[in-house]
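Because the structure is predicted, anything quoted here is derived from the model rather than measured.
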Amino acid sequence: MEGRVSDWDLSAQRLASARLRFLSKDQALLSALEEMNKAGQQFGSYWRRGHIDDPEYAARWSRYSEAIERFVAASGNAVRRRLTHS
């Protein structure tokens, strides 16, 4: 996990999030993006503390991974709608 964290490009992620918030009117997509970002921030903050309780870690990871799945589903729906209406 540590290597993945050190390789993460936070500025690119923030720019991509800002572009979506600015360009998209899809509320499901924007809601999923907000939840994914919040869950990721909370998970990362907890992980960086270093004193990890396994059940707490598992709960935070579960929330974050579920938020990622919801975002992927919402973005897929947005792309499909865009492709069928263009």
Side-chain angles (χ1 to χ4, degrees):
M1 181 101 151
E2 205 167 302
R4 285 186 251 164
V5 172
S6 64
D7 292 341
W8 184 251
D9 187 351
L10 186 58
S11 62
Q13 188 271 335
R14 286 181 177 163
L15 179 59
S17 290
R19 284 180 175 160
L20 277 176
R21 286 191 304 273
F22 182 74
L23 296 172
S24 180
K25 293 180 173 89
D26 186 316
Q27 288 305 309
L29 177 64
L30 297 174
S31 177
L33 174 66
E34 182 179 342
E35 172 60 19
M36 181 181 68
N37 285 340
K38 280 186 352 188
Q41 288 168 353
Q42 291 173 356
F43 174 73
S45 175
Y46 180 78
W47 184 77
R48 284 188 299 276
R49 286 185 215 150
H51 301 289
I52 296 175
D53 175 53
D54 286 341
E56 179 72 16
Y57 177 87
R60 288 176 185 259
W61 174 250
S62 177
R63 178 181 173 214
Y64 183 43
S65 63
E66 289 169 8
I68 292 170
E69 289 176 17
R70 283 191 298 275
F71 175 75
V72 168
S75 62
N77 289 336
V79 168
R80 277 189 289 285
R81 279 193 304 274
R82 176 87 177 182
L83 292 174
T84 58
H85 290 103
S86 49

Does E66 form a side chain to side chain donor-acceptor pair (under 3.5 Å) with S62? I'd like the steps, not just the answer. CA-CA 6 Å; E66 289 169 8; S62 177; 3.1 Å; yes
Could you go through E34 and N37, starting from their C-alpha distance and side-chain angles, then the distance that decides it, and tell me whether this counts as side chain to side chain contact (heavy atoms under 4.5 Å, CB included)? CA-CA 5 Å; E34 182 179 342; N37 285 340; 5.9 Å; no
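A centroid separation of 6.0 Å or more is found between the aromatic rings of Y57 and W47.
The closest side-chain heavy-atom distance from L20 to F71 is below 4.5 Å. Contact annotation: the side chain of M36 never approaches that of R70 to less than 4.5 Å [non-hydrogen atoms, C-beta and beyond]. Residues L15 and R19 are in side-chain contact: their nearest non-hydrogen atoms beyond the backbone lie under 4.5 Å apart. V79 places none of its side-chain heavy atoms less than 4.5 Å from the side chain of R82. Looking at L33 and L29, their side chains never come closer than 4.5 Å, going by heavy atoms from C-beta outward.
Using a 3.5 Å distance cut-off with no hydrogens or angles, the side chains of S65 and E69 do not pair a donor with an acceptor. Q13 and S17 are linked by a side-chain donor-acceptor pair at a separation below 3.5 angstrom, with hydrogens and angles left out of the test.
Minimum heavy-atom separation, E35 to A67: CG-CB, 3.9 Å.
The cluster map of Ile, Leu, Val, Met, Phe, Trp and Tyr, joined by side-chain heavy atoms under 4.5 Å apart, puts L30 and V72 in different clusters.
Although no hydrogens or angles enter the test, the distance criterion places no donor-acceptor pair under 3.5 Å between the side chain of S24 and the main chain of R21. No donor-acceptor pair under 3.5 Å is formed between the side chain of S45 and the backbone N or O of Q41.
To the nearest 0.5 Å, the span separating CZ on R60 from OH on Y46 amounts to 6.5 Å.
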